[in-house]
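For reference, the structure is listed below as structure tokens.
As the structure is a computational prediction, the values presented were derived from the model and not from experiment.
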Amino acid sequence: MTAMTIIIAVVIFWALFVVGVLVGISVHREATRRRSARLHRAEMAFDHDTIIAGRTPVRGRDFRI
């Protein structure tokens, strides 16, 4: 192996490593955003059920998830 081949291999390795880290960060950020949105929707649904329960008699179907 010549020195040039080793240098190219190292550069390619680090480039792939950096791209992998950036993709991982992006995937993690998207998953966190979806989880936060899902939790927010669940909280809003709970608040809606609480408001309904304060006005009317509570039935089992009022608390569907």
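The hydrophobic cluster containing Leu22, built from Ile/Leu/Val/Met/Phe/Trp/Tyr side-chain heavy atoms closer than 4.5 Å, also comprises Val18.
Criterion: ILVMFWY side-chain heavy atoms under 4.5 Å apart, direct or through other members. Under it, Ile12 and Val23 are not part of a common hydrophobic cluster. Under the 4.5 Å side-chain heavy-atom criterion for grouping Ile, Leu, Val, Met, Phe, Trp and Tyr, Val21 is connected to Trp14 within one hydrophobic cluster.
Residues satisfying the salt bridge (Lys or Arg N to Asp or Glu O under 4.0 Å) criterion with Arg33, sequence neighbours excluded, are Glu30.
Between Phe13 and Phe17, the angle of the ring planes stays under 30°, which puts this pair in the parallel group of the 30/60° scheme.
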With a cut-off of 3.5 Å and sequence neighbours excluded, list every side-chain donor-acceptor pair involving residues 1-11.
| unit_1 | atom_1 | unit_2 | atom_2 | d |
| --- | --- | --- | --- | --- |
| Thr2 | OG1 | Thr5 | N | 3.4 |
| Thr2 | OG1 | Thr5 | OG1 | 3.0 |

